[in-house]
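Each chain gets a letter, A, B and so on, in the order the sequences are listed, and its residues count up from 1.
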Amino acid sequence: MRIATFNINGTAARLPRLLEWLATTQPDVACLQEIKTVSENFPVEALREAGYHCLVHGQKGFNGVAILSKEPATETQRGLPGDDADEQSRYLEADVGGVRVASIYLPNGNPQPGPKFDYKLAWLARLERHAAALFATELPVVLAGDYNVIPTDADVFSPAAMADDALMQPESRAAYRRLLYAGWTDAIRARTPTGPVYTFWDYQAGAWARNHGLRIDHLLLSPRAADRITDAGVDHKVRGAERASDHAPAWVDLRAA
DNA sequence: ATGCCTATGCGACATAGA
C-alpha cells in the first residue's frame, strides 16, 4: 500500500501534472496540499476517471487539502481541532484501507517573528495535541503533508542561506522533534538516515538546476504503521516537468497488515 | 540589500508562498 503526499501548488494549473503522476506511480492514497480552490471546483470527475475517490477540504485562493484514494475513504476529521476561530483549510483526515491518514498543510510562518509565525507555532501545538490523541488509539496512522519545517541542517541546501527563515527556527524544529520523541517515525529518514532528500525547490534563482532544495514534506508514522514500512522515497522527476509544482511528491510503502 | 518565480483573484496589481 503506497501513501503519498504532494503539495501541488494550485489545482487549475497543476491538473495535467497531477494526472500524469497518478497514472505513473499509482499511489493507493494521495494526500494533496495547496489545492487553492473551493471544494466545489475540485476536479472530482477527472480524478474519478483516473481511478480515485476524493475527499476535499478547499478554500478560495489559498491553502486547501484533499485525500485521493483508490478505495473509498471515510472522513474522520475536517480541520485541525483546538481553535474554532481558525478558518484556514489545512487539515483533513480519513480512514482508508485500515489506515488512518491525514493530509496536513502546516502554516509557512514567514516572516518571523510576527503574527504568522505565532500562528504556525500555535498550529504546531494543536497538531501535537491531536497527534497524541491519534497515537493513543494504537491504529496505524500516517500524518502526511507539507510541514513547512526543515527538521535538521542536513535537510537544507544551505543552513546559512535559510537561517532567518521560519522553516528552520529552533521553535519550529523543536515542535517537529517532539513528535519524533513522542514515538512518530519519519518515514523518509527511516529509509534514508543521512544525506539530502529534498522535496522542495524554489522557483527562483535556479534552485532546481542548482539542487538548492529543502526537505519539508514529511510522512510521520505511528508504531503500527512504521512496523509495516517496506520503502519510502521522493518522486524527484516530477519537479523537473514543465509547469511543475515547486514541491515533489514523497511516499511510503506499507506491507499488508 | 533586494529580488529572483509562480498561482490566484470580483485580475489590469496585490498577496502569498518558502
Side-chain angles (χ1 to χ4, degrees), chain A residues 5-19 21 31-43 56-66 86-91 103-124 127 144-173 175-176 188 196-218 234 236 238-250:
Chain A
T5 179
F6 186 12
N7 179 324
I8 61 173
N9 187 20
T11 299
R14 212 68 61 218
L15 185 59
R17 294 293 88 79
L18 174 62
L19 292 172
W21 170 69
C31 299
L32 306 183
Q33 301 86 35
E34 285 208 87
I35 65 172
K36 295 187 174 179
T37 177
V38 293
S39 302
E40 298 73 41
N41 290 346
F42 196 71
V56 187
H57 184 33
Q59 181 178 339
K60 188 170 73 176
F62 303 103
N63 306 322
V65 290
D86 187 354
E87 305 267 311
Q88 300 191 33
S89 297
R90 295 179 175 276
Y91 188 93
S103 181
I104 291 174
Y105 178 46
L106 223 137
N108 171 303
N110 280 306
Q112 73 80 29
K116 291 192 174 185
F117 191 60
D118 295 341
Y119 174 63
K120 175 179 196 163
L121 295 182
W123 209 97
L124 273 161
L127 179 63
D146 176 0
Y147 281 68
N148 271 316
V149 175
I150 299 166
T152 74
D153 284 358
D155 299 307
V156 52
F157 69 97
S158 166
M162 298 289 290
D164 294 329
D165 197 284
L167 277 60
M168 55 176 278
Q169 291 313 297
E171 299 95 325
S172 308
R173 286 181 163 180
Y176 187 83
I188 296 294
V197 188
Y198 301 141
T199 66
F200 169 89
W201 296 259
D202 202 292
Y203 288 123
Q204 303 183 68
W208 169 246
R210 298 173 176 191
N211 195 28
H212 284 183
L214 316 174
R215 191 173 76 93
I216 55 176
D217 300 273
H218 308 301
V234 176
H236 295 94
V238 172
R239 180 61 181 85
E242 289 296 311
R243 296 253 289 171
S245 169
D246 40 7
H247 294 252

5′-ward residue of the pair A:Asn9/A:Asp202 relative to DNA chain B: A:Asn9

First of A:Gln204 and A:His247 reached from the 5' end of DNA chain B, by closest nucleotide: A:Gln204

Between [N] and [M], how many Å separate the two [atom1] atoms, rounded to a whole number?
N	M	atom1	result
B:dC4	B:dT15	P	15 Å
B:dG3	B:dA14	P	13 Å
B:dC10	B:dT6	P	23 Å
B:dT8	B:dA18	P	14 Å
B:dA16	B:dG11	C1'	15 Å

Determine the contact category for [X]: base if any of its heavy atoms lies under 4.0 Å from a base atom, sugar-phosphate if only primed atoms, P, OP1 or OP2 are that close, otherwise nothing.
X	result
A:Tyr105	sugar-phosphate
A:Asn7	sugar-phosphate
A:Lys116	sugar-phosphate
A:Ala12	sugar-phosphate
A:Arg239	nothing
A:Asp164	nothing
A:Ser172	nothing
A:Asn148	sugar-phosphate
A:Ala13	sugar-phosphate

Is a side-chain donor or acceptor of [X] paired with a backbone partner of [Y] at a separation under 3.5 angstrom?
X	Y	value
A:Arg17	A:Glu242	yes
A:Asn63	A:Ser89	no
A:Thr5	A:Ala250	no

Name every residue in residues 57-65 of chain A that has at least one heavy atom under 4.0 Å from any atom of DNA chain B, in order of residue number, or write none if there are no such residues. A:Lys60, A:Gly61, A:Phe62

Please give, in whole Å, the distance from [N] [atom2] to [X] [atom1]?
X	N	atom1	atom2	answer
A:Asp246	B:dA18	CG	C1'	8 Å
A:Glu34	B:dA7	CD	P	11 Å
A:Glu242	B:dT6	CD	P	10 Å
A:Asp217	B:dA18	CG	P	9 Å
A:Asn41	B:dT8	CG	P	12 Å
A:His212	B:dA18	NE2	P	19 Å
A:Phe117	B:dA18	CZ	P	15 Å
A:Tyr203	B:dT15	OH	P	21 Å

Is there a side-chain contact between A:Asp202 and A:Asp246, using heavy atoms and a 4.5 Å cut-off? no

Specify the closest pair of heavy atoms between A:Ser103 and A:Val65, including all atoms of both residues, with the distance to one decimal. OG-CB, 3.8 Å

Distance-only criterion, 3.5 Å: show the donor-acceptor pairs between side-chain atoms of residues 154-167 of chain A and protein atoms not counting sequence neighbours.
unit_1   : atom_1 : unit_2   : atom_2 : d
A:Asp155 : OD1    : A:Arg189 : NH2    : 2.7
A:Asp155 : OD1    : A:Arg215 : NE     : 2.8
A:Asp155 : OD2    : A:Thr152 : N      : 3.0
A:Asp155 : OD2    : A:Thr152 : OG1    : 2.9
A:Ser158 : OG     : A:Ala161 : N      : 3.0
A:Asp165 : OD1    : A:Asn110 : ND2    : 3.0
A:Asp165 : OD1    : A:Leu167 : N      : 2.9
A:Asp165 : OD2    : A:Asn110 : ND2    : 3.3

Answer yes or no: does a side-chain N or O of A:Arg14 lie under 4.0 Å from OP1 or OP2 of B:dA7? yes

Side-chain N or O of A:Arg210 versus OP1/OP2 of B:dC4: is the shortest distance under 4.0 Å? no

Would you say the side-chain atoms of A:Asp86 and A:Tyr91 include a donor-acceptor pair closer than 3.5 Å? no

Is there a donor in the side chain of A:Asn108 and an acceptor in the side chain of A:Lys120, or the other way round, less than 3.5 Å apart? no

Under a 4.0 Å N-O cut-off, is there an ion pair linking A:Arg90 with A:Asp146? no

